[in-house]
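Structure first, then comments.
Heavy atoms only: backbone and side chains are in, while hydrogens, waters and symmetry mates are out.
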Amino acid sequence: MSLKNRTRIKEALISPESDKAITVKGWVRTRRGNKKIAFISLNDGSTINNLQIVADVPAFPEDLLRQVTTGACISVTGKLTSSVGSGQSVEILAETIELYGAADPNSYPLQKKGHSLEFLREIAHLRPRTNTFGAIFRIRHAMSYAIHKYFNDNGFFYLHTPIITGSDAEGAGEMFRVTTLDMLNPPKTADGKINFREDFFGKETNLTVSGQLEGELGALALSEIYTFGPTFRAENSNTPRHLAEFWMIEPEMAFYDIDDNMDLAEDFLKYLTTYALEHCNDDLQFLNNMYDKELLGRLSSVINTDFERITYTRAIDILSAADVTFEFPTSWGSDLQSEHERYLVEKHFQKPVIITGYPKKIKAFYMKQNDDGNTVRAMDVLFPKIGEIIGGSQREDDLQKLESRISELGIPADELGWYLDTRRFGSAPHSGFGLGFERMMLFITGMSNIRDVMPFPRTPKNAEF
Ligand code: ATP
Ligand code: MN
């Protein structure tokens, strides 16, 4: 029998009782019992539920069972029988047990007692073995799959945009430099500056903050594309909603105006939420019971409500009239902070809100300018407990308006020649948005810190694992 031949615990748990022995493999969650009988609770990551293994202690070498402790990895063969104990329908009566790897109880950090999320972040290499992180990472997988499925089913093409970028015009925040120059002795130009012509790419390069600009190039040829990849921001914002490395989903669509863009965003978010409820039930139930009793209710309510769509101007009016004191006061022209976004979503409307028509001053150069000369066709989608989950816009498709905005902002236009070519040749109305994958994961799992929905998070002063 090949080594990988095994029954996944997820399948074993729903299998009927049978006379044929099966083999399961996994990590011991707990072991209890006495000198005669041992109950081993086994998990292989296929489901949040454990399979109970019952072992007749005298039938096994003492040295073997002694090492079957929390964290050890074992392979067990035996018959699946209906369980007399409560809490499970079937269990395995062990015939053979093979120990792959012991886990010394004196040093294995995950013991039966619950651990704090903070402590588990320090052992991110082992936390996938906990119920919580097993659930989160299974959901993360299901959401990734659902994202590709949604776009594929709707005629979008998955476009791979570069991770290393030579343009610093995206304007989404601080970037991480990519270089092969000797930092202690970099080549210099005549005027004493670092000579990036001698760098690997012959110019300054950074890790991308967004795939959007290249995404637009794809949309203006393939009509509807999306990207789904890592992005990087060297912003020193130590918040529960920011990572230095995060994943972003960025659809970009030709022939979509801002309303079409909002329709897509709303439909997409509802699809992902529905998918999670339909495919991740056990894991969501666990997280609901463990961390956030309102999680399942919140997920269902998002599916069943129309998102509120308001202008930025209306949002400012509502916030100015609110009888709460915000840390940051608002007036027309100021950017909305997370406290404002959450007030609108959680207190005022009590449902997701999409804000459009932002002041052009606080938004990126590529957003389509409205005729009022002050606002742009931006849209931010705000979610309960999260604040901004999506940022997007209709893109400026008029070459002249785009060029004048670029020069107003002092962005080096020569770096953007390739981008402007799309407006020069066969320009088309088009729109797109970026959904932060980990923000979506926060919403779906009900976790409150973004470090807990990313397997190995990167934040200021932290790039362990
Ligand atoms: P915020 O104001 O919350 O910093 P942003 O305006 O910088 O967001 P965009 O540049 O519009 O965000 O990026 C699109 C989406 O990417 C955001 O709506 C959010 O979901 C996500 N996002 C942005 N920055 C981060 C980050 N540092 N970590 C995780 N997700 C992020
Ligand atoms: Mn930001």
Exercise. Taking all non-hydrogen atoms of both residues into account, name the closest pair between Ile444 and Leu284 and its distance.
Key: O-CD2, 3.4 Å
Quiz item: Under 30°, 30 to 60°, or over 60°: which ring-plane class applies to Tyr312 and Tyr358, parallel, tilted or perpendicular?
Solution: tilted
Exercise. For His279 and Tyr145, test the side chains for any donor-to-acceptor distance below 3.5 angstrom and give the result as yes or no.
Key: no
Quiz item: For the atom pair CG (Asn154) and OH (Tyr226), what is the distance rounded to the nearest 0.5 Å?
Solution: 11.0 Å
Quiz item: So, for Phe255 and Asp260, which heavy atoms are closest and what is the spacing to 0.1 Å?
Solution: O-OD2, 4.0 Å
Quiz item: For Arg298 and Phe443, what are the C-alpha separation, side-chain angles and deciding distance, and is it a side chain to side chain contact (heavy atoms under 4.5 Å, CB included)?
Solution: CA-CA 9 Å; Arg298 196 160 53 240; Phe443 173 69; 4.2 Å; yes
Quiz item: Is the cationic atom of Arg405 (NZ for Lys, CZ for Arg) positioned less than 6.0 Å from the six-membered ring centroid of Phe365 and within 45 degrees of its normal?
Solution: no
Quiz item: What about Phe437 and Phe228, are their ring centers closer than 6.0 Å?
Solution: yes
Quiz item: Can any side-chain N or O of Glu396 pair as donor or acceptor with the backbone N or O of Lys401 at less than 3.5 Å?
Solution: no
Quiz item: Going by atom types only, do Tyr100 and Lys25 share a side-chain donor-acceptor pair under 3.5 Å?
Solution: yes
Quiz prompt | Thr179 side chain to Asp199 side chain, donor-acceptor N/O pair below 3.5 angstrom | solution = yes
Quiz item: Any chance the side chains of Thr239 and His242 put a donor and an acceptor closer than 3.5 Å?
Solution: yes
Quiz item: Are any side-chain N or O atoms of Thr231 and backbone N or O atoms of Thr208, one a donor and one an acceptor, separated by less than 3.5 Å?
Solution: no
Quiz item: Looking at NZ of Lys385 and CE of Met447, how far apart are the two atoms once the value is rounded to the nearest 0.5 Å?
Solution: 9.0 Å
Practice problem: Determine the minimum heavy-atom distance between Leu272 and Ala146, stating which atoms define it. | Solution: CD2-CB, 3.8 Å
Exercise. Please answer whether the main-chain N or O of Asn289 pairs with a side-chain N or O of Lys293 as donor and acceptor at a distance below 3.5 Å.
Key: yes
Quiz item: Closest approach of Ile411 and Leu416, non-hydrogen atoms and distance?
Solution: CG2-CD1, 3.9 Å
Quiz item: When rounded to the nearest 0.5 angstrom, what distance separates OG1 in Thr375 from CD1 in Ile362?
Solution: 11.0 Å
Quiz prompt | Sub-6.0 Å ring centroid separation between Phe328 and His340 | solution = no
Quiz item: Cut-off 3.5 Å, side chains only: do Arg395 and Ser393 have a donor facing an acceptor?
Solution: yes
Quiz item: Is it true that the NZ or CZ of Arg423 lies under 6.0 Å from the centre of Tyr419's six-membered ring and within 45 degrees of the ring axis?
Solution: yes
Quiz item: Do Arg197 and Asn195 have side-chain N/O donor and acceptor atoms under 3.5 Å apart?
Solution: no
Quiz item: Please walk me through it: do Thr445 and Val453 pass side chain to side chain contact (heavy atoms under 4.5 Å, CB included)?
Solution: CA-CA 8 Å; Thr445 60; Val453 295; 3.6 Å; yes
Quiz prompt | Under 3.5 Å: donor-acceptor pair, side chain of Glu204, backbone of Phe196 | solution = no
Quiz item: His430 and Glu216: side-chain donor and acceptor closer than 3.5 Å?
Solution: yes
Exercise. Measure the CG-CD distance between Asn449 and Glu118 for me, rounded to the nearest 0.5 Å.
Key: 8.0 Å
Quiz item: Is any NZ, NE, NH1 or NH2 atom of the basic residue among Arg424 and Glu403 found under 4.0 Å from an Asp or Glu carboxylate oxygen of the other?
Solution: yes
Quiz prompt | Backbone of Ile225 reached by a side-chain donor or acceptor of Glu252 within 3.5 Å | solution = no
Exercise. Just do the side chain to side chain contact (heavy atoms under 4.5 Å, CB included) check on Gln394 and Asn261 with the steps written out, would you?
Key: CA-CA 7 Å; Gln394 186 170 340; Asn261 203 17; 5.8 Å; no
Self-check item: Reported NZ-to-CD1 distance for the pair Lys10 and Ile48, which is rounded to 0.5 angstrom
Solution: 12.0 Å
Quiz prompt | Any donor-acceptor pair under 3.5 Å from Ser334 side chain to Thr330 backbone | solution = no
Exercise. State, without any angle test, whether Ser210 and Glu250 hold a side-chain donor-acceptor pair at a distance under 3.5 Å.
Key: yes
Quiz item: Taking atom types as modelled and ignoring hydrogens, do the side chains of Asn462 and Arg451 form a donor-acceptor contact shorter than 3.5 angstrom?
Solution: no
Quiz prompt | Short side-chain to backbone donor-acceptor contact, Ser431 and Tyr256, under 3.5 Å | solution = yes
Quiz item: Can a salt bridge be assigned to the pair Glu245 and Arg233 using a cut-off of 4.0 Å between side-chain N and carboxylate O?
Solution: no
Quiz item: Does any non-hydrogen side-chain atom of Tyr343 lie less than 4.5 Å from one of Ile318?
Solution: yes
Self-check item: Residues Trp332 and Thr313: side-chain donor-acceptor under 3.5 angstrom
Solution: yes
Practice problem: Rounded to the nearest 0.5 Å, what's the gap from SG on Cys73 to CG on Asp44? Could you check? | Solution: 9.5 Å
Quiz item: Can you check whether Tyr158 and Phe151 have ring centres sitting under 6.0 Å from each other?
Solution: no
